[in-house]
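We count ligands from 1, going down the list as the structure has it; atoms in each ligand are counted the same way. Note that these values count all heavy atoms, side chains included, but never hydrogens, waters or copies made by symmetry.
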Amino acid sequence: IVPILLILVVSLSQAGEIVCRQRGDPENPQLFKDGNIILGGIFSFHSSWKDRQETYTHKPLPLECTSLNFREFQFAQVMRFAIEEINNRTDLLPGISLGYELYDTCGSVARSVKVALALANGNEAVTAPSEAPCTRPAQVQAVMGETSSSICMGIATVIGPFHIPLISHFATCACLSDKTKYPSFLRTVPSDYYQSRALAQIVKHFGWTWVGAIRSNNDYGNNGMAIFIETAQQLGICLEYSVSFFRTDPPNRIQKIIDIIKLSTSKVIVAFMPFPDMDVLIHQLSLNNLTGYQWVGTEGWIIDSQIAEMDKHHILNGAIGLAIPKAHVSGIREFIINVKPLSSMGNNMFTEFWEALFNCNFNQSNSSAENHKECTGHEDVSGLQHSFTDMSLMPIFNNLYKGVYAVAHALHSILGCNETCNYKMTLDPFTILQHIKKINFKTKEGDEVYFNENGDPPAKYEIINWQPTENGVVDFVTVGLYDASLPADKQLSLQNKSLVWAQNSKQVPVSVCSEKCPPGTRKVLQKGKPVCCYDCIRCAEGEISNITDSTTCVRCQPEFWSNDRRDTCVKKEAEFLSFEEIMGELLTAASLFGTCMTAVVAFIFYRYRKTPIVRANNSELSFLLLFSLTLCFLCSLTFIGRPSEWSCMLRHTAFGITFVLCISCVLGKTMVVLMAFRASLPGSNVMKWFGPTQQRLSVLAFTLIQVVICILWLTISPPFPFRNLKELKDKIILECALGSTVGFWAVLGYIGLLASFCFILAFLARKLPDNFNEAKFITFSMLIFCAVWITFIPAYVSSPGKFSVAVEIFAILASSFGLLICIFIPKCYIILLKPEKNTKKNMMGKGAQKTI
Ligand SMILES: *[C@@H]1O[C@H](CO)[C@@H](O)[C@H](O)[C@H]1NC(C)=O
Ligand SMILES: *[C@@H]1O[C@H](CO)[C@@H](O)[C@H](O)[C@H]1NC(C)=O
Ligand SMILES: *[C@@H]1O[C@H](CO)[C@@H](O)[C@H](O)[C@H]1NC(C)=O
Ligand SMILES: *[C@@H]1O[C@H](CO)[C@@H](O)[C@H](O)[C@H]1NC(C)=O
Ligand SMILES: *[C@@H]1O[C@H](CO)[C@@H](O)[C@H](O)[C@H]1NC(C)=O
Ligand SMILES: *[C@@H]1O[C@H](CO)[C@@H](O)[C@H](O)[C@H]1NC(C)=O
Ligand SMILES: *[C@@H]1O[C@H](CO)[C@@H](O)[C@H](O)[C@H]1NC(C)=O
């Protein structure tokens with residue numbers, strides 16, 4: 001440790017012999033005034049410079065600056081005004097005079113760094129050895145400027161480590177809020193962090209989701225546009241293109257941008273650029289006559305009357321954008337145009353300025369341009385129509401004015417000024433910076449001035465609309481406000497004023513990639529395109545979307561179905577076989593017709609009950625059969641109509657029982673025929689075994705079995721009404737669920753069993769010789785019966801909804817008619833039309849004889 005300390009001490013003791021020498025050529029301020037305390041000012045009196053091809057074989061010559069910028073002269077004048085006003089005041093810094101040194105940067109970052117160092121160091125070439133240490137207090141206590149963000153970044157980087165405050169009136173880049181990089185940077189203009197967001201909100205507000213973007217290729221444009229794009233994406237805005245250029249770019253680059261605009265489909269262009277770049281752009285746009293676009297602008301050009309003047313083709317008419325709120329500082333206009341005092345300030349700056357302002361020459365003799373008139377030096381500035389006398393940048397003047405006052409107020413409090421100030425105090429930029437950051441005062445116009453922790457003022461903007469007036473001059477109309485300090489939904493407030501849009505239209509222009517998707521459709525993104533470009537696809541059946549621009553279609557509830565327009569779910573129609581519809585009516589009619597027919601047959605049989613044909617045919621079973629047929633016809637009615645708990649239970653059981661009753665009667669009859677034949681054989685008394693009692697009992701027994709099956713079915717798992725949502729997409733089928741399939745098939749199976757049994761017996765008996773052999777008819781009727789029910793099964797299984805019910809009814813009716821017609825009609829025919837055959841003799845007839 002000791003040797004290191006020793007070395008330190010040695011090196012410190014040598015410090016006195018170090019000679020501090022300025023590197024490079026000394027820089028002289030363009031304008032200066034002496035005072036107790038000096039403020040620096042950095043402005044780009046020239047906005048461009050001649051591009052020299054450096055050979056790197058010799059020291060580069062100083063920049064040759066071009067394009068005088070009268071606005072920056074205005075800014076310089078405003079700074080001089082504020083300083084003079086403070087010096088005139090007795091309540092602020094009494095007895096202390098402020099001075100200034102104003103330098104020109106020519107818009108070059110390199111040059112601005114150089115002049116910033118000149119401001120900090122002073123211009124003495126050499127500090128003599130042993131006289132004073134190299135570390136000296138800074139020459140200026142604070143620096144005002146610059147206009148451009150890029151240049152401010154350069155300056156702030158250089159003077160930041162020395163804590164010399166830099167207060168900008170117009171450098172809005174959000175990047176400058178980074179206090180780790182730019183610790184001594186403050187500004188009186190809001191950060192673009194807010195402006196970019198506000199612009200995106202405005203674009204969103206007017207429904208423009210498909211926009212183009214042009215920015216200037218510097219920190220202002222690039223950073224501002226980056227935040228805009230980020231916010232725009234969050235708000236669902238898409239950029240068709242985003243291009244950049246800088247004012248010094250070759251013309252073909254701007255031409256390329258214009259070609260891109262011409263090819264684009266978006267109608268809104270967001271231009272994030274300061275006025276020198278906009279100036280170049282509008283010139284090119286005018287040459288190309290590029291009208292019909294809605295421009296959205298930043299505070300950099302939106303209230304610039306010079307841009308409006310340049311816009312001969314009214315390309316920018318209807319432009320909308322953000323501006324620093326309008327302000328007024330009394331006395332400033334008179335001070336600015338009073339430029340005569342500048343002439344006494346030394347260098348040739350004033351000459352150049354005056355010559356450019358009045359387009360004249362002082363030394364006509366050796367001037368290259370002949371047509372210039374000679375300057376008298378007494379020209380009248382106040383009567384001049386020129387950007388120098390135009391006060392449209394008053395809000396920016398106000399920012400600069402507030403900046404100078406902020407420094408003055410900070411100095412006032414540091415120096416403990418009361419009646420007088422503490423002159424002895426050595427000023428230290430760090431203390432000044434701390435005081436400026438904490439400042440809070442009101443200007444004479446009532447503006448409150450303070451800085452937040454990032455050195456930014458509160459963000460407030462006016463929304464400006466370019467409205468043409470009768471005489472062709474554009475009026476910058478304030479149509480709304482944006483205040484970032486308010487809650488998100490209240491920040492943007494548009495006043496109830498009529499806006500003018502591109503090409504003097506009253507209609508808000510439309511700039512979208514795809515039209516909104518109406519309800520009933522959904523968005524489908526186009527492949528490889530931004531999210532704002534999409535197709536509208538109609539929702540599928542059973543799905544709806546009831547909002548515009550829906551991304552999905554929602555499936556309807558099971559009991560609902562989409563309407564034709566796919567924008568609401570409608571209740572599905574209930575479907576069942578009703579008495580109202582034609583099919584139901586026909587089946588009802590058929591059923592009633594069958595019932596009547598049975599009744600007529602029964603009546604005929606009753607009427608002729610004494611005749612042999614009725615007696616021979618076992619009249620008791622015949623009447624029972626007719627009765628059961630009536631029930632069969634009627635039970636088909638239970639299948640028609642809205643299914644209820646009762647009708648469901650009734651349907652299959654009534655059908656099962658009546659049919660079994662019916663078939664068992666027929667079976668009884670068949671047996672009787674068979675028995676009767678056996679009985680006619682000699683020595684047989686079979687008839688004794690199958691007399692009327694046995695017949696009744698067997699019918700009862702067969703029927704009872706079915707009744708038991710039905711009771712079991714109904715008790716264990718009865719049929720119930722069921723809403724079938726699956727079978728048909730757009731309808732609910734009201735049907736009777738079987739409850740137990742086993743029950744259903746047991747009922748049917750039992751009928752089938754009896755029917756087959758009956759068929760076999762009848763088939764065996766069909767050839768028995770009897771003059772009036774019923775067996776033939778029974779066989780035939782059973783054939784029909786079985787055919788009907790065998791075809792029923794596949795038809796029943798495959799018919800959807802109410803048709804399966806209709807098929808079942810049809811089967812019931814068909815088989816009932818089959819039985820009725822085959823068994824009874826031939827007899828009725830004989831009874832009514834061939835009474836001569838209806839004799840006992842004929843009954844016993846040949847057949848009997850033959851058999852015997
Ligand atoms: C400052 O005071 C002088 C002398 O009274 C006056 O001429 C000048 O206009 C004042 N300046 C300002 C900016 O008020
Ligand atoms: C520019 O457009 C306007 C109207 O759109 C037209 O009147 C004018 O002639 C055009 N000028 C040129 C140079 O194309
Ligand atoms: C004009 O030129 C003369 C010499 O030719 C010189 O003395 C004078 O200062 C010049 N005036 C200006 C305004 O530059
Ligand atoms: C005009 O002439 C003077 C002396 O003759 C010279 O110093 C000056 O540079 C000349 N000015 C121009 C613009 O040529
Ligand atoms: C300022 O003046 C007032 C009275 O005029 C006095 O009371 C006060 O102490 C003074 N303050 C300073 C810092 O001199
Ligand atoms: C806005 O202005 C229109 C007519 O210019 C008027 O009808 C309407 O009531 C106004 N709305 C509000 C909120 O002031
Ligand atoms: C859209 O449908 C949903 C669900 O179906 C419903 O809650 C909502 O109220 C509907 N909105 C409109 C505007 O009809």
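In summary, Lys33 and Glu84 do not engage in a salt bridge, as defined by a charged side-chain N under 4.0 Å from a carboxylate O. Salt bridge annotation for Lys179-Glu453: absent, with no cationic side-chain nitrogen under 4.0 angstrom from a carboxylate oxygen.
Between Phe228 and Phe272, the gap from one ring centroid to the other reaches at least 6.0 Å. Remark: aromatic rings of Phe397 and Phe81 are distant, center separation not under 6.0 Å.
Less than 4.0 angstrom separates atom 7 (O) of ligand 1 from none of the non-hydrogen atoms of the protein. Checking atom 14 (O) of ligand 1 against the protein gives a heavy-atom contact under 4.0 Å.
Of the protein's non-hydrogen atoms, Glu84 OE2, 4.2 Å is the one closest to atom 9 (O) of ligand 1. Among all protein heavy atoms, the one lying closest to atom 10 (C) of ligand 1 is Asn88 ND2, 2.3 Å.
Under the 3.5 Å distance criterion, with hydrogens and angles disregarded, a donor-acceptor pair is assigned to the side chains of Asp390 and Ser305.
Counting the atoms of ligand 1 from 1 in the order shown, those under 4.0 Å from a heavy atom of Phe81 are 13 (C).
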